[in-house]
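Here's the structure we're looking at; comments come further down.
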Amino acid sequence: MPRKSEKQLKLSRELISMSWNPRNLYQLAAKRRLFNMKQRTLFQHMWKAKRDSRGYHDANITERQWLRMFNAQLPTLNVKLNDKPNHPNTASLMYACMERRLDFIVFRSHFASSIWMARQMIVHGKVKVNGKDMPFPSHTVKDGDVVAVDPEAVVTLKPAANGSGALEFVPQPYQQPWMFIPDYLEVNYNSCSTVFLREPVTRPNVTEVPSPYPPEFHALAFEFYLRRGRTRK
């Protein structure tokens, strides 16, 4: 496992990462309170939201790379004045552009146990996009693109015990909490392939971008980057 992933999963950092590592379960249980009461200023709350959310939505992306990807224009909501406020904050979509990355799709499809393993699979030529080799983890797919993975590289597929040469599903420890498929992906485990359907969206009471943090937490992180952009201008 790359050094950065080991550093990312250190308990002292108190960050949740895209990995099936049991340390993530500990971090989830430990983060019962998102904010420390000693952090009294709004900037401190925004900085913590930025740090924690970036720690999860991170695939070896530097802060400078993320600032080039950051889009201050979020989708607007068509909500009537008398409607109940049951629609999540659209700031939860601030990382939606990263869900088009090839390494994110391989991990979300459960073909890899971590975002770093997904990156290694791609670099080693185990992943194809629309039938063509794609060795770039940062490649962004388009709507309708088909991502196929070599079955022998899938972490949950192992040779059958009967020696027939076939592959059988073998569950990995601590993977159950992460076994969900976003609505914008269509996964076929028989062919080890995934179709990227569309951009993630928000719906009443639902935000499609997977995250261990609530939309209000993302709103603080969004405001941090929004203010930083204004300062840089």
Side-chain angles (χ1 to χ4, degrees), residues 1-2 4-5 8-9 15-25 27-28 52-61 65-66 69 88 92-124 126-130 134-151 153-157 169-203 206-215 218:
M1 186 176 291
K4 182 168 184 179
S5 64
Q8 192 87 340
L9 291 171
L15 293 177
I16 302 174
S17 303
M18 297 174 62
S19 171
W20 299 351
N21 192 293
R23 295 181 183 181
N24 269 333
L25 297 180
Q27 298 290 14
L28 281 172
D52 290 359
S53 61
R54 279 280 288 121
Y56 179 76
H57 299 276
D58 182 17
N60 297 335
I61 300 173
Q65 290 174 316
W66 163 243
M69 299 168 59
S92 60
L93 298 176
M94 65 178 293
Y95 297 109
C97 59
M98 300 176 71
E99 298 298 319
R100 289 184 177 270
R101 285 177 55 104
L102 190 56
D103 50 0
F104 272 61
I105 295 175
V106 173
F107 174 74
R108 299 290 191 206
S109 303
H110 311 142
F111 297 140
S113 61
S114 70
I115 192 67
W116 303 284
M117 181 180 180
R119 184 180 179 86
Q120 289 181 339
M121 292 168 58
I122 297 169
V123 172
H124 293 164
K126 304 297 183 180
V127 180
K128 295 183 178 181
V129 178
N130 297 330
M134 182 56 64
F136 306 112
S138 61
H139 173 75
T140 55
V141 303
K142 300 178 181 179
D143 294 354
D145 281 356
V146 180
V147 177
V149 178
D150 184 358
V154 177
V155 65
T156 54
L157 295 181
F169 176 77
V170 178
Q172 300 297 303
Y174 307 104
Q175 77 173 69
Q176 182 59 34
W178 317 102
M179 294 299 290
F180 58 89
I181 300 177
D183 291 341
Y184 51 87
L185 298 179
E186 184 175 332
V187 184
N188 188 333
Y189 291 107
N190 293 323
S191 60
C192 294
S193 61
T194 300
V195 179
F196 188 87
L197 301 177
R198 53 174 172 76
E199 188 87 4
V201 298
T202 59
R203 303 192 306 273
V206 175
T207 179
E208 291 185 348
V209 177
S211 176
Y213 304 106
H218 285 268

Subject >> Between T207 and S92: side-chain donor-acceptor atoms closer than 3.5 Å >> reply: yes
**OP:** Would you please name every residue forming a side chain to side chain contact (heavy atoms under 4.5 Å, CB included) with P177, sequence neighbours left out?
**Re:** L25
Original post:
What are the two closest non-hydrogen atoms of V155 and H110, and how far apart are they?
Top reply: CG1-O, 4.4 Å
**OP:** Sequence neighbours left out, what passes side-chain hydrogen bond (donor to acceptor under 3.5 Å, both in side chains) with S138? Give chain and number order.
**Re:** none
Original post:
Using 30° and 60° as the class limits, which term best fits the ring planes of H218 and Y213: parallel, tilted or perpendicular?
Top reply: perpendicular
Original post:
What residues, two or more places apart in sequence or in another chain, satisfy salt bridge (charged side-chain N to carboxylate O under 4.0 Å, His left out) together with D150?
Top reply: none
Original post:
Checking N130 side chain against V146 main chain: does a donor-acceptor pair fall under 3.5 Å?
Top reply: yes
Original post:
Do W20 and M179 have side chains that get closer than 4.5 Å, going by heavy atoms?
Top reply: yes
Subject >> Considering all heavy atoms, the nearest L93-P200 contact >> reply: CD2-O, 3.8 Å
**OP:** Check whether more than 12 heavy atoms from other residues, nucleotides or ligands sit under 6.0 Å from atom CZ of F136, and answer yes or no.
**Re:** no
Subject >> All pairs passing side-chain hydrogen bond (donor to acceptor under 3.5 Å, both in side chains) where residues 174-183 contributes a residue, at least two apart >> reply: D183-R203
Original post:
With side chains defined as the heavy atoms from C-beta onward, is the minimum distance between I122 and P137 less than 4.5 Å?
Top reply: yes
**OP:** With sequence neighbours left out, write down each residue that passes side-chain hydrogen bond (donor to acceptor under 3.5 Å, both in side chains) with S113, or none if nothing qualifies.
**Re:** none
**OP:** Taking all non-hydrogen atoms of both residues into account, name the closest pair between I61 and M98 and its distance.
**Re:** CD1-CE, 3.1 Å
**OP:** Could you tell me which residues satisfy side chain to side chain contact (heavy atoms under 4.5 Å, CB included) with S109, sequence neighbours excluded, listed by chain and number?
**Re:** I105, F111, L185, V187, T194
Original post:
Between Y184 and E99, is a side chain to side chain donor-acceptor pair (under 3.5 Å) present by the stated rule, with each step listed?
Top reply: CA-CA 9 Å; Y184 51 87; E99 298 298 319; 2.6 Å; yes
Subject >> Heavy-atom pair of closest approach, residues Q172 and V170 >> reply: NE2-O, 3.2 Å
Original post:
What pairs meet the salt bridge (charged side-chain N to carboxylate O under 4.0 Å, His left out) rule with one or both residues in residues 137-147, with sequence neighbours excluded?
Top reply: R100-D143
Subject >> I16 vs D52, side-chain contact (heavy atoms from CB on, under 4.5 Å): CA-CA, chis, key distance, verdict >> reply: CA-CA 7 Å; I16 302 174; D52 290 359; over 6 Å; no
Original post:
Can any side-chain N or O of E208 pair as donor or acceptor with the backbone N or O of V206 at less than 3.5 Å?
Top reply: no
Subject >> Straight-line distance of M121 CE to L102 CG, nearest 0.5 Å >> reply: 9.5 Å
Subject >> Closest approach of P210 to H57 (non-hydrogen atoms, all atoms of both residues) >> reply: O-CE1, 3.3 Å
**OP:** For Q65, enumerate each residue passing the side-chain hydrogen bond (donor to acceptor under 3.5 Å, both in side chains) test, keeping only those at least two apart in sequence or located in another chain.
**Re:** T62
**OP:** Decide if the gap between the ring center of F107 and the ring center of W116 is smaller than 6.0 angstrom.
**Re:** no
Original post:
Rounded to the nearest 0.5 Å, how far does CD of E199 lie from SG of C97?
Top reply: 7.5 Å
Original post:
With a 3.5 Å cut-off and no angle check, do the side chains of S193 and S191 form a donor-acceptor pair?
Top reply: yes
Original post:
Is the backbone of S17 close enough, under 3.5 Å, to the side chain of N24 for a donor and an acceptor to pair up by distance?
Top reply: yes
Original post:
Should M94 and M69 be marked as a side-chain contact (heavy atoms from CB on, under 4.5 Å) after you check the CA-CA gap, both sets of side-chain angles, and the distance that decides it?
Top reply: CA-CA 10 Å; M94 65 178 293; M69 299 168 59; over 6 Å; no
Original post:
side-chain hydrogen bond (donor to acceptor under 3.5 Å, both in side chains) with H139: which residues, sequence neighbours excluded?
Top reply: none
**OP:** Could you tell me whether the side chains of Y95 and S211 share a donor-acceptor contact shorter than 3.5 Å?
**Re:** no
**OP:** Search all heavy atoms of A112 against all heavy atoms of A118 and return the closest pair with its distance.
**Re:** CB-N, 3.6 Å
**OP:** Tell me, please, which residues at least two apart from E186 pass salt bridge (charged side-chain N to carboxylate O under 4.0 Å, His left out).
**Re:** none
